[in-house]
Structure formats: C-alpha cells, structure tokens
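For reference, the structure I am asking about is given below.
By convention in this document, chain letters (A, B, ...) are assigned in the order of the sequence lines, proteins followed by strands, and residues within each chain are numbered from 1. Remember, it's a predicted structure, so these values are computed and weren't measured experimentally.
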Amino acid sequence: MKIHDATIPYQQHTLSNGLRVILSPHKVAPVVAVLVMYKVGSCNERPGKTGFAHLFEHMMFQGSENVPREMHFKYVESNGGVLNGFTSYDLTTYFELLPASKLPLGLWLEADRMRSLAVSQENLDNQRAVVKEERRLSVDNQPYARAMERFREIAYDNFANQHSIIGSMEDLDNATLADVQEFFKIYYAPNNAVLVIAGDYDGRRVMREVRTYFEDIPPQPAPPPVDCSEPDREERREVFHDPLASVPALAIAWKIPRRNTLENDALQIAGEILVGGRASRLYQRLVKEEAVAVSVSGGAEARPAPSLFRIFTLHHPTVAPERVEALIYEEIERMAQEGISEAELERVRSQILAQRWSDNLYYGMQSPLGRALSLAYCALFEGDPGEVNTMLQRLMRITPEQVREAVGRYLATSRNRTVMTILPGASQGGAA
Amino acid sequence: MSRRTPPPDHPMGALHLPLPETATLSNGVSVWLLPDKRAPVVEFRLVLPTGGRAFDDPEWLGVAGATARLMTAGTPRRTSLQIADEAERYGGSLGFAANTETATMYAHCLAAFTEPMLELIADVLLNPAFPDNEIEIDRANTLQRLALQRTQPDFLAEERFRQVLFGAHPYHYYAPDEEAVKRWNAEHLHRFYREHYCPQGATLIVVGDFSPKRLLKHLEEQLGAWQGALKQDKLPAPNTEPVETGFHLVPRPNSVQSVIHMGTLCPSRHSPDYWGLLVGVSVLGAGASSRLFLTVREQYGYAYSVGAHLDYYRRISAFVASAQTATENTFDAIRQIRAEIDRLLNEPVPPEELQAVRNYLIGRHMLSWVTLGSIANLFMQIAIHGLPMDYWHQYPEQVRTVSRESVQDACARYLRAERMSIVVVGEESLRRNLEATEDSGASEQEG
C-alpha cells in the first residue's frame with residue numbers, strides 16, 4: 001500500500017507576534033477551512049473552576065470589538081459557511097468552513113476575537129444557562145454518562161486530568177466576568193495559538209491577508225505550564241449505581257504514556273486488534289463466542305499527556321461482571337504471551353490508512369477541516385505540523401513484537417488499572 | 001483595509017457538479033457510477049425500495065431490521081467473522097440498515113481493493129445464510145438494546161412522535177416488538193429477504209476512484225446471478241393530517257431535562273409547496289443564526305440544542321422542532337417555540353434574513369460535495385425518494401428563487417398551531433402542567 005499518497009502538504013510561517021500560520025492547499029471543491037487552535041483545555045483548570053475552558057469557548061461567540069453578539073453566527077452562515085468550536089482536555093478550537101471566496105471574512109472574524117473579546121455579565125449568565133443545559137443533555141440526563149465522568153476521576157490521580165470538560169454545576173455557578181477576562185488575557189494570545197488555512201485559497205495573497213488581520217495582535221507572556229504527570233499506583237475499583245441505566249456495564253482502563261511515543265503507538269495497534277470493530281478479539285470473544293456482552297468498545301487514547309487505554313462493555317444482566325472481566329484479562333494475557341499475527345497487523349494497517357482517508361469532517365483527509373485540525377494539533381503539541389505525516393509512517397512500521405511488549409507492560413497488569421462496575425438502578429438505601 | 005467592518009463581499013464560486021453515468025444490469029439493477037479520484041477510496045450504496053420497517057408484517061415487527069443486521073452474519077462460504085475481517089482488511093466496512101421504507105447497504109473500501117470488496121458484497125447480498133447461532137446472539141442483544149433504548153430520552157421522543165403523527169400507518173414502526181423478537185426464526189428472515197431483497201427496483205451507487213467500464217463488467221459478473229421477484233407490496237397512502245395533535249407526555253423517571261418534539265405532517269419533496277416550506281423551516285431552525293437558536297438558546301438560555309428541520313418520507317414529510325430543556329423550563333420553552341412558529345405564519349420574512357437563509361442552504365449544500373461518502377449519500381437520497389437525477393444540480397437555483405410570499409404561504413398552510421403534535425419526554429410531574437397549558441393554549445387560539 002502506498003503511504004505517500006496520504007501525505008498532507010503544508011507550509012509554515014511564524015508572524016512577529018508568535019502566531020504560527022500553516023497553509024495546506026487542497027483544491028477538490030471551492031471550499032476553505034479557517035481554524036484557530038489555542039493551547040488551553042480543561043487540564044489548565046484549577047479546583048473550583050472546572051468547566052471554565054469550555055464555558056469560555058461559548059463566550060468567544062458572544063461578541064468582540066467589531067463583531068456584535070450573534071453576528072459571528074450570522075456573518076458565517078449568511079455567507080454560506082458553517083462554524084463551530086470545541087474544547088477538549090488539552091485544547092480549544094474554533095473553525096469556519098466557508099465558500100473559497102469568503103476566506104477574508106473568516107480571517108477577520110478570528111482575528112477580531114483573538115484581539116478583543118467584548119463580553120458582558122448578561123452574556124455570561126446566558127451562556128452559563130446554555131452550558132448547564134448542555135451538561136444535562138450530555139451527562140445528567142443520559143445513562144452511563146455520570147458513571148463515565150466519575151470513572152475519569154478515579155482513573156487519574158492528578159486533578160489536571162481527572163475532572164470533566166463540561167465541569168460541575170457548582171463551579172459553573174461561581175464563574176465570574178473577571179475570570180473570563182483573566183482567562184482571555186492569559187491563554188488567548190497569538191503566541192499560544194496556531195492558525196491553519198486549508199482547502200481552496202489563493203496562494204499568492206493569502207499570507208498578505210493573514211498579516212493584515214493578525215500580525216499586530218500583541219503577544220502575551222507564556223501561560224503558566226501545567227503539570228499533567230501521573231504517578232504509578234495500585235488497582236482502584238468502584239461500583240456505580242446508575243438510576244438511568246437498564247443494562248449493566250463494565251469499564252476498565254489503564255494509564256498509558258502520551259501520544260507520539262513508541263508505547264502509545266503500539267497500544268493504538270493493540271486497541272484496534274482488541275476492540276476495533278467486529279473482527280476484533282474482544283468483540284468476537286465477548287459478543288460472539290461467549291455471548292456474555294451486548295457491545296464492547298474502547299482503545300488507546302492519544303492525548304499529548306498521560307492517556308487511558310479504555311474498555312467499555314455492556315453485558316447481559318444474567319452474567320456476573322467478574323466473568324466478563326476475567327474474559328477480558330484472558331484475551332489481554334493471551335496477547336501479552338502470544339502476540340499478534342501478521343494478518344491482524346495487515347488488517348489494522350488497512351484500517352489506519354482508511355481512517356486517514358475517511359470522509360469524516362473532523363479527522364478525515366477528504367475534508368479540508370480534517371486536514372486543518374490534524375496540522376494544528378501536531379503543530380501545537382509536537383511543535384511540528386509534519387508529525388501528521390510521520391505519525392502515519394510510524395504506525396505503519398510498528399511490529400508484532402512491539403505490540404506484544406507494550407500490552408505485556410501496560411495492560412497485562414493490575415498496576416495503574418481502574419475497574420468500575422455499573423449497575424442499573426439506584427443504590428441500596430439510596431434515593432429513588 | 002479597515003478592521004471595523006467585514007471584508008468586501010465576493011460572490012460564491014459556482015460548483016461544477018457531475019451527473020452519474022447510468023446503466024442497467026441484465027437482472028434489472030440500476031447502476032449509477034460517479035468516478036472521482038479525489039481520494040483513493042470507493043463508496044458503495046445500494047437502495048432496496050421495500051426493505052424497510054414499513055414493510056414488516058404487523059405481527060412480526062422488527063423482522064426487516066433483523067434481516068438487515070443479519071445480512072452480514074454469514075454465507076455458505078463465509079462466517080460473520082470472515083465477512084467482518086475481509087471488509088476491514090480492504091480498509092472498509094460493509095453493513096445493511098432497515099430505514100422507514102427502504103433497506104440500504106453502506107460499504108466502502110480503499111480503491112486498491114475494489115474488486116475483492118465487490119466479490120464480498122456479492123456473496124453477502126446473494127447468499128445470506130442467517131445462521132441459527134447468529135440469530136440467537138442477535139435476539140439476546142436486541143432485547144438488551146431495546147431495554148437500553150427505552151432509557152434514552154431521544155429514542156422515546158421519536159418513538160412516540162411517530163405514533164402520534166402516523167397512528168396505525170406503517171410509517172410509525174420505529175422499534176421492534178419484544179414479543180416478535182423472542183419468536184422469530186431463520187425462516188422469517190429468509191422470507192423477508194426473498195420478498196424484498198430483489199434486483200428489480202434496486203439501485204446501486206458507486207462513487208470514487210475506479211474505472212467505470214471495468215467496474216461495470218465486474219458488477220455484471222458478480223451481481224448478474226442475483227435473481228428474485230419483488231413482492232408487490234404497496235403501502236397505504238399515509239394520512240396527511242397528524243393522527244393525534246396536542247400534548248403527549250412520555251414519563252421517564254429521574255429525568256432532569258425534558259426532550260421536546262413539536263411537529264406535524266407536511267407534503268413530500270415532490271410538492272410545489274416544498275421549497276417555500278424548506279426555506280421557512282430553515283429560517284425557524286437551521287443553524288446558529290436561526291430564530292429558535294437566537295431566542296430559545298441565546299436570548300433565554302433554555303436549551304443547548306434547539307432547531308427545526310424536515311424529516312423526509314417518500315410520500316410525505318414531517319416538520320420537527322426540537323429542544324432539550326431543564327424540567328422547570330419545559331413550558332416556557334414550548335411557548336417560545338410556538339411563538340416563533342406563529343411569527344413565521346403571521347409576518348413575511350424580512351428580505352435580508354431571507355437572503356441570508358438562502359445563502360446558508362446553498363453553502364451547506366456545497367459542503368456536501370466535498371467528500372466521496374457524502375456525494376454517495378446525496379445520490380442515495382435521489383434513489384430513496386424517487387427524485388429527478390438533477391435534483392441536487394437544481395437545488396441552488398430552487399432555493400435562490402423562493403419568494404417571501406411562498407415561504408409565508410407554505411408555513412401558513414402547514415405549520416398552524418392546531419396541526420401541531422407535541423411530545424415531551426420527562427418527569428411524570430409535568431403531566432398536570434401539560435394539561436393546564438393545553439387548556440390555555442386552546443383558549444389563546446380562539447382569542
């Protein structure tokens with residue numbers, strides 16, 4: 001298989017204020033993506049301020065010096081574009097996907113809010129209410145979602161990694177306008193961000209336009225570093241009673257090294273072979289052969305910080321969770337002892353290449369937004385947008401022996417393991 | 001260049017869209033081919049016009065869905081594991097789904113594996129074995145999945161919403177009947193397959209990096225042996241008025257939020273009223289500058305996710321406005337959604353807003369031509385709904401020429417308050433308030 005076909009071309013520039021600008025031409029449709037990624041996420045939050053990075057992301061749509069409230073949406077959509085933003089543990093991203101001729105509009109909008117956020121108490125109160133509804137929608141009113149939030153708290157030991165992105169209702173209530181302004185000043189600086197333009201743009205003028213809008217935004221002192229390191233520890237177990245759930249579930253995770261390490265790469269491959277799709281070992285064993293589980297999912301996270309290798313399975317109420325857990329460990333032990341076959345590795349390589357070419361708007365190479373996101377991520381966290389290309393080469397070169405070793409060292413052990421049994425219904429003696 | 005005002009406007013570039021090459025295989029399968037080398041990938045879609053839930057025997061609800069799920073459960077030559085393993089080895093996936101009316105096959109692969117993928121598709125499509133052990137696993141898991149779905153508020157809302165709109169019409173079938181799940185066997189699946197998975201009326205869409213001439217030859221070789229007579233099954237015409245209007249509560253214990261579906265029946269995409277209706281519904285609830293987003297969310301903070309859209313069936317469509325809001329805001333949110341719908345009926349859309357919405361729809365349409373999978377899905381819509389082949393080519397012009405009068409006329413005809421069915425999934429305690437609101441809503445209508 002030809003990997004070089006899947007190389008994403010790019011050029012990199014750095015403005016005098018420290019803003020990194022990455023250009024990636026891709027002219028299959030008259031569409032262009034403008035994306036700004038800031039190096040701030042929930043891991044930068046402190047106790048009592050959970051959910052702030054995400055609440056702040058909402059505030060970035062509430063007006064800047066020359067773009068009144070609501071107008072950000074209206075400018076983009078009335079020009080035939082789509083837009084959004086999202087917050088993760090490590091980063092916050094904003095993007096517009098626009099008809100090619102509207103590129104300057106996207107640059108103007110992103111520059112205006114990087115330079116000058118203009119928010120009021122009223123807007124903060126409103127977005128706080130919206131985010132609380134988002135929390136109810138995605139967590140409090142859904143089966144298993146509260147359990148997964150709690151799971152993360154016990155799977156990690158460092159506060160930076162433990163708490164949820166959406167945050168707690170109480171902390172959301174305590175966020176002030178002064179917090180918003182301080183957060184903006186510390187983190188939303190050109191030297192803490194990457195701008196990517198991907199798709200159909202005019203290579204002769206694009207950098208001139210970028211400089212016009214962005215170059216005189218003043219830089220700020222580098223934000224305080226965040227310590228995301230994780231100590232080793234013994235196994236941790238918990239039972240969670242979920243009144244919204246009807247099917248029992250089991251969640252298991254191990255702490256593993258960050259992305260862009262041999263270990264994380266090897267565990268990505270192991271994750272695909274263990275739980276990636278219907279041919280995977282755990283799906284075949286749990287759902288088909290033993291018929292104990294309804295579904296199984298998971299795999300290795302790839303954060304630029306200590307990550308989790310997760311397995312989540314819904315199992316039949318007639319089966320004891322201990323049995324499901326034992327079967328999972330049996331498969332992991334087998335992989336640690338006997339390794340994987342060349343045939344399995346070939347299948348996973350095809351899948352990795354196919355995911356690369358996927359038409360998913362956010363991570364596939366067919367979409368200019370997918371290209372922009374990958375380039376921004378690699379530039380911000382690995383200091384090299386080209387890591388998006390070398391990552392693929394790295395993954396393709398992982399050997400069966402490297403997978404076996406990584407599984408033996410990180411998964412075939414109770415060290416750093418977290419196990420949560422999720423039972424439907426309220427706890428005994430608990431509130432109905 | 002001033003940074004106080006937005007950059008000078010440039011018109012959107014035109015999109016040059018291809019039309020598929022069409023052919024008919026010897027057994028009657030329509031083939032639509034769109035060769036496109038933007039990515040080394042090939043997308044396959046197959047539309048079987050009567051393979052969907054609406055064609056289930058009412059005694060055996062869920063057989064259409066089980067047939068689709070178990071199409072990949074094995075053939076005389078391949079086990080389910082071999083099918084999954086091969087598809088993944090080709091950098092792809094292969095699966096069937098039962099929709100309201102149609103069954104569809106979705107498959108894709110890396111272009112280098114197009115021919116073996118086609119051989120796999122043919123084996124699965126022509127020779128499903130529906131093995132007993134796979135049926136037993138699927139049965140047990142379907143029962144658990146049903147139990148899970150009945151804890152999910154969106155599922156409960158959609159299920160009841162279809163019941164109140166369509167009453168007994170087969171369009172309301174949404175989830176399998178537990179009793180039927182416990183009883184069906186391989187013979188039920190084989191029969192459904194024989195009667196509904198037939199070459200006659202089937203459309204195969206292939207988009208991506210391939211040579212049409214060579215592919216067509218392989219299609220004939222691989223699929224030519226697919227035979228069978230389609231059961232002449234006609235659905236009764238759907239009702240055009242919702243069977244039950246007014247409020248319907250689906251109690252869900254421990255809810256901290258209400259899921260609201262408000263909607264009614266509207267004409268299909270073939271109707272002359274369609275374009276005015278589409279633009280009107282988009283003014284109301286498509287995107288982040290729509291009226292519902294700006295009032296219900298940005299002004300009042302009642303909801304994170306709020307919007308309105310049309311769900312399409314072959315012979316009708318359904319208007320749906322939906323929101324999720326804290327239990328205590330349920331009635332305020334409903335009132336606000338109603339008020340915005342009424343405004344659409346009572347006042348013409350201002351010209352700038354109309355232009356903005358047209359641009360939004362045309363721009364979003366342009367984005368659906370960016371990836372091979374979404375291009376395949378556009379043509380699948382044409383096959384499912386029997387739309388003209390140049391439907392998407394005409395789309396920008398149709399949207400551009402919608403007048404404010406046709407928007408208001410269509411909305412006034414179809415979105416009147418007395419035609420609305422409102423489903424709320426949430427706390428049982430809402431019931432008393434719902435009844436009170438219903439009374440006041442009715443008196444407001446009269447007053």
Side-chain angles (χ1 to χ4, degrees), chain A residues 1 5 28-31 66 70 73-75 77-83 97 99-102 104-105 108 111-112 126 129-131 133-134 136-137 140-143 212-213 243-247 277-279 284 287-288 291 294 314 316 346-347 350-351 353-354 357 359 364-368, chain B residues 1 3-7 10-13 15 38-41 80-81 84-85 88-92 110 112 137 140-141 144-145 147-148 150-153 254-257 287-289 294 297-298 301-305 324-326 355-356 359-360 362-364 366-367 369-374:
Chain A
M1 255 172 298
D5 288 348
V28 297
V31 170
N66 300 300
E70 297 185 356
F73 302 129
K74 287 185 175 173
Y75 277 129
E77 294 188 344
S78 70
N79 279 289
V82 299
L83 75 163
L97 198 50
S101 63
K102 312 288 184 180
L105 176 73
W108 176 70
D112 205 60
N126 170 271
V130 170
V131 170
E133 290 305 332
E134 185 177 359
R136 290 188 183 101
L137 172 67
D140 295 333
N141 208 37
Q142 299 296 339
T212 304
Y213 291 111
L244 294 175
S246 58
V247 181
R278 302 206 153 192
Q284 285 297 324
V287 179
K288 288 295 176 79
V294 180
L314 293 172
H316 287 280
E346 264 314 299
R347 185 182 77 223
S350 281
Q351 285 291 311
L353 208 53
W357 278 111
D359 62 353
M365 262 184 69
Q366 289 190 47
S367 147
Chain B
M1 196 173 341
R3 74 165 74 109
R4 300 233 153 260
T5 53
H10 301 282
M12 283 186 226
L15 197 57
R38 73 184 66 192
V41 170
S80 65
L81 171 59
D85 178 70
E88 290 179 22
R89 200 169 291 289
Y90 304 151
L110 290 167
I137 291 167
N141 290 348
Q144 291 305 317
R145 256 197 312 274
L148 171 67
R150 298 212 182 283
T151 64
Q152 291 168 328
N254 301 305
S255 288
V256 295
Q257 200 179 41
S289 30
L294 292 180
R297 171 172 154 149
E298 294 293 295
Y302 288 153
Y304 168 71
S305 163
Q324 296 88 4
T325 190
Q355 189 54 42
N359 287 349
Y360 175 62
I362 293 167
R364 219 177 44 174
M366 221 156 108
L367 291 178
W369 289 86
V370 171
T371 66
L372 297 173
S374 86

Take Leu294(B) and Lys74(A), measure what side-chain contact (heavy atoms from CB on, under 4.5 Å) needs, and give me the verdict at the end. CA-CA 10 Å; Leu294(B) 292 180; Lys74(A) 287 185 175 173; 3.5 Å; yes
Asn126(A) side chain near Arg297(B) side chain, heavy-atom distance below 4.5 Å: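 Counting from C-beta outward, Asn126(A) and Arg297(B) never come under 4.5 Å.
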Among Ser289(B), Gly301(B), Ser374(B), which residue has the highest count of heavy-atom pairs closer than 4.5 Å to chain A?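 Ranked by contacts with chain A, first place is Ser289(B).
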In terms of heavy-atom pairs under 4.5 Å with chain B, which of Glu77(A), Glu70(A), Lys102(A), Gln366(A) leads?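 Max contact count across the listed options: Glu77(A).
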Side-chain heavy-atom pair Leu244(A), Thr151(B) within 4.5 angstrom cut-off: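 They are not in side-chain contact.
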If only atom types and distance count, is the side chain of Ser350(A) paired as donor or acceptor with the main-chain N or O of Arg89(B) below 3.5 Å?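 Yes; at least one donor-acceptor contact below 3.5 Å.
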Could you look at Val41(B) and say if it's the side chain, the backbone, both or neither that has a heavy atom under 4.5 Å from chain A?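 The answer is the side chain of Val41(B).
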Using the ring pair (Phe, Tyr, Trp, His ring centres under 6.0 Å) criterion, which residues pair with Tyr75(A)? Sequence neighbours excluded.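 Applying ring pair (Phe, Tyr, Trp, His ring centres under 6.0 Å) to Tyr75(A) gives Trp108(A).
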Considering only heavy atoms and a distance below 4.5 Å, find which of Arg38(B), Gln355(B), Arg4(B), Arg150(B) pairs most often with chain A.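 Winner by heavy-atom pair count: Arg4(B).
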Nearest 0.5 Å, please: how far is CZ in Arg136(A) from OG1 in Thr325(B)?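 Answer for the OG1-CZ pair, Thr325(B) versus Arg136(A), is 7.5 Å.
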Please check if the side chain of Gln257(B) supplies one atom and the backbone of Leu137(A) the other of a donor-acceptor pair under 3.5 Å.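 Pair found, side chain donor or acceptor close to backbone of Leu137(A).
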Please evaluate residues Arg347(A) and Asp85(B) with respect to the criterion salt bridge (charged side-chain N to carboxylate O under 4.0 Å, His left out), reporting the C-alpha separation (whole Å), side-chain torsions for both, the decisive distance (0.1 Å), and the verdict. CA-CA 8 Å; Arg347(A) 185 182 77 223; Asp85(B) 178 70; 2.8 Å; yes
Which pair of heavy atoms, one from Arg278(A) and one from Leu81(B), lies closest together, and at what distance?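 Taking Arg278(A) first and Leu81(B) second, the nearest heavy atoms are O-CD1, 4.5 Å.
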Gap separating the CG atom of Asn141(B) from the CG atom of Leu314(A), nearest 0.5 angstrom: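 So the gap between those two atoms works out to 9.5 Å.
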Which one of Pro368(A), Pro104(A), Gly81(A) has the most heavy-atom pairs closer than 4.5 Å to chain B?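 Counting heavy-atom pairs under 4.5 Å, the top option is Pro104(A).
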Kindly write out the residues that satisfy ring pair (Phe, Tyr, Trp, His ring centres under 6.0 Å) with Tyr360(B), not counting sequence neighbours, or none if the list is empty.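 Checked Tyr360(B) against ring pair (Phe, Tyr, Trp, His ring centres under 6.0 Å); zero matches.
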Interatomic distance, Gln152(B) atom CD to Ser246(A) atom OG [nearest 0.5 angstrom]: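 Gln152(B) atom CD to Ser246(A) atom OG measures 8.0 Å (nearest 0.5 Å).
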Go through the atoms of Ala326(B) and report whether side chain, backbone, both or neither lie under 4.5 Å from a heavy atom of chain A.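 Its backbone and side chain both get close to chain A.
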So, for Ala84(B) and Ala279(A), which heavy atoms are closest and what is the spacing to 0.1 Å?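 Reported closest heavy-atom pair: CB-N, 3.9 Å.
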From CG (Leu372(B)) to CH2 (Trp357(A)), nearest 0.5 Å: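 Interatomic distance, Leu372(B) CG to Trp357(A) CH2, rounded to 0.5 Å: 9.5 Å.
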Once you round to the nearest 0.5 Å, how far does CG of Asp112(A) lie from CZ of Arg3(B)?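 Between atom CG of Asp112(A) and atom CZ of Arg3(B) there are 8.0 Å.
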Please name the pair of heavy atoms, one in Leu110(B) and one in Ala354(A), separated by the smallest distance, quoted to 0.1 Å.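 Smallest heavy-atom distance, with atoms named: CD2-CA, 4.0 Å.
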Residue part contacting chain B, namely of Ala111(A), when any heavy atom lies under 4.5 Å: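 Neither part.
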Can you find a side-chain donor-acceptor pair between Gln324(B) and Glu133(A) that sits under 3.5 Å?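 On atom types as modelled, these side chains do not qualify, holding no pair under 3.5 Å.
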Among Gly364(A), Pro99(A), Ala100(A), Ala29(A), which residue forms the greatest number of heavy-atom pairs with chain B at distances under 4.5 Å?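 With the most close heavy-atom pairs to chain B, the winner is Pro99(A).
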Part of Val31(A) lying under 4.5 Å from any heavy atom of chain B: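 It is the side chain, since no backbone atom gets that close.
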Heavy-atom pair with the smallest gap, counting every atom of Asn254(B) and Asn141(A):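 That would be O-OD1, 4.3 Å.
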Need one label for Val287(A): side chain, backbone, both or neither, based on atoms under 4.5 Å from any heavy atom in chain B.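 Contact with chain B is through both the backbone and side chain of Val287(A).
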Are any of the side-chain heavy atoms of Pro30(A) and Met366(B) separated by less than 4.5 Å?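 They are in contact (side-chain heavy atoms under 4.5 Å apart), so the answer is yes.
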Side chain, backbone, both or neither of Gln284(A) within contact of chain B (heavy atoms, under 4.5 Å):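 It is the side chain, since no backbone atom gets that close.
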Rounded to the nearest 0.5 Å, how far does NZ of Lys288(A) lie from CD1 of Ile137(B)?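 So the gap between those two atoms works out to 6.0 Å.
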